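Notes follow once the structure below has been shown.
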2 protein chains.
Amino acid sequence: MKREPLSKGETPDIAEAVLNAGFDISTCPVRDVMDHIGGKWSSLMLLVLSTKPHRFGELKRAVPDISQRMLTQTLRDLQRDGYISRHVFATVPPSVEYRLTPLGESLMPALRALVAWAVDNHPRIAEARQTFDAA
Amino acid sequence: MKREPLSKGETPDIAEAVLNAGFDISTCPVRDVMDHIGGKWSSLMLLVLSTKPHRFGELKRAVPDISQRMLTQTLRDLQRDGYISRHVFATVPPSVEYRLTPLGESLMPALRALVAWAVDNHPRIAEARQTFDAA
DNA sequence: TCGCATTAGTCTCAAAACGAGATCATGTTC
DNA sequence: GAACATGATCTCGTTTTGAGACTAATGCGA
């Protein structure tokens, strides 16, 4: 995903938007962050891990409709960005534990706020969707 | 994406997680909402539209690396869920304006909180990523 | 009057992401 | 010695996404 730096002249609108939100477009950390935690499974993983550390199999059972492939990949992405840490125990069969890092923890309030909003407004969304589909 | 209702016995972990977060797994509004606003472009659209209504072309210029195809689709999805409204003006060439609905507005505080977190913690994420890639 | 530009999309085709399921290595248990 | 559990990878086919050409109607300049 290549993103060219943008001159202000070319993009007055986004410039305004991002400045309002308090960030610089040329680096645009929002996308950098949102693209990851906004992924299909990431927020769910973080939510589950925020309750307590989990092992790979536990996560798989906790989010039943994720494929193992996506689980592995999501965990690696989250680990790469420093949200979670991975601890291997040399048992047999080997077990691996995933847990939130302090960085991951620090994200949770904002994420929970979003979840709370989702819960509160879900009926309205469902209604909007029905109205739209009827037309 | 079909999701079977789950018995508590099968999924003690997620049950705990979702109950902590305050929602019911069998309907899981979180995914329903997150899958959409967590999309690659949705949050960006909402952010841009939160500053003022925009026309199609303005949005395209504001987010230069979105394809027209994705712009159309993202807008339609957001409209379907009731976050934004679409107003056609019968000028020539026709112009179309998109703006946040009250529902969309109500989401902004939570979204902005997430954006603020992203801005604050972007350096830490970049650092974690570098550390990870070095290994 | 002959293009040419503008606007909001759509269409087509290639590339990337994703899901399902088989497969692996390994030591423990029966 | 065969089945089992674990964390992870491989292959394959489907879905989603991206790039870019194409459409409609009309105003504008040459």
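Bear in mind the structure is a predicted one, so any value in this text is a computation, not a measurement. In what follows, chains carry the letters A, B, and so on, assigned in the order in which the sequence lines appear, proteins first and then strands, with residues in each chain numbered from 1.
Residues satisfying the side-chain hydrogen bond (donor to acceptor under 3.5 Å, both in side chains) criterion with A/Ser95, sequence neighbours excluded, are absent altogether. Partners of B/Gln68 under the side chain to side chain contact (heavy atoms under 4.5 Å, CB included) rule, at least two apart in sequence or in another chain, are B/Phe56, B/Lys60. In this view, A/Arg124 and A/Asn121, B/Leu103 satisfy the side chain to side chain contact (heavy atoms under 4.5 Å, CB included) rule, not counting sequence neighbours.
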Polar pairs (N or O, both sides) under 3.5 Å between protein and nucleotides 19-25 of chain C?
| from | atom 1 | to | atom 2 | distance (Å) |
| --- | --- | --- | --- | --- |
| C/dG19 | OP1 | A/Lys40 | NZ | 3.3 |

N/O to N/O distances under 3.5 Å, protein versus nucleotides 4-7 of chain C:
| from | atom 1 | to | atom 2 | distance (Å) |
| --- | --- | --- | --- | --- |
| C/dT7 | O3' | B/Arg55 | NH2 | 3.1 |
| C/dT7 | O3' | B/Pro94 | O | 3.2 |

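Atom OH of A/Tyr98 and atom CD of A/Gln79 lie 7.0 Å apart (nearest 0.5 Å). One distance of note links CD1 of B/Ile125 with CH2 of B/Trp117; it measures 4.0 Å at 0.5 Å rounding.
The number of heavy-atom neighbours closer than 6.0 Å to CD of B/Glu105, taken from other residues, nucleotides and ligands shown, is above 12.
Taking atom CG of residue B/Leu75 and atom C1' of nucleotide C/dT10, one finds them 15 Å apart after rounding to whole Å. Whole-Å rounding puts the A/Lys60 NZ to D/dT9 C1' distance at 14 Å. Rounded to a whole Å, the NE2 atom of A/His87 is 14 Å from the P atom of D/dG7.
Place B/Glu97 and A/Gln73 on DNA chain C by their nearest nucleotides, and B/Glu97 ends up nearer the 5' end.
When the options A/Val63, A/Asp77, A/Ile84, A/Leu100 are evaluated for a side-chain contact (heavy atoms from CB on, under 4.5 Å) with A/Met45, the one that passes is A/Val63.
Among the atoms of the strands shown, none is found under 4.0 Å from any heavy atom of B/Phe89.
Residue pairs that meet the salt bridge (charged side-chain N to carboxylate O under 4.0 Å, His left out) test with at least one member in residues 94-104 of chain A, sequence neighbours left out, are A/Glu97-A/Arg99.
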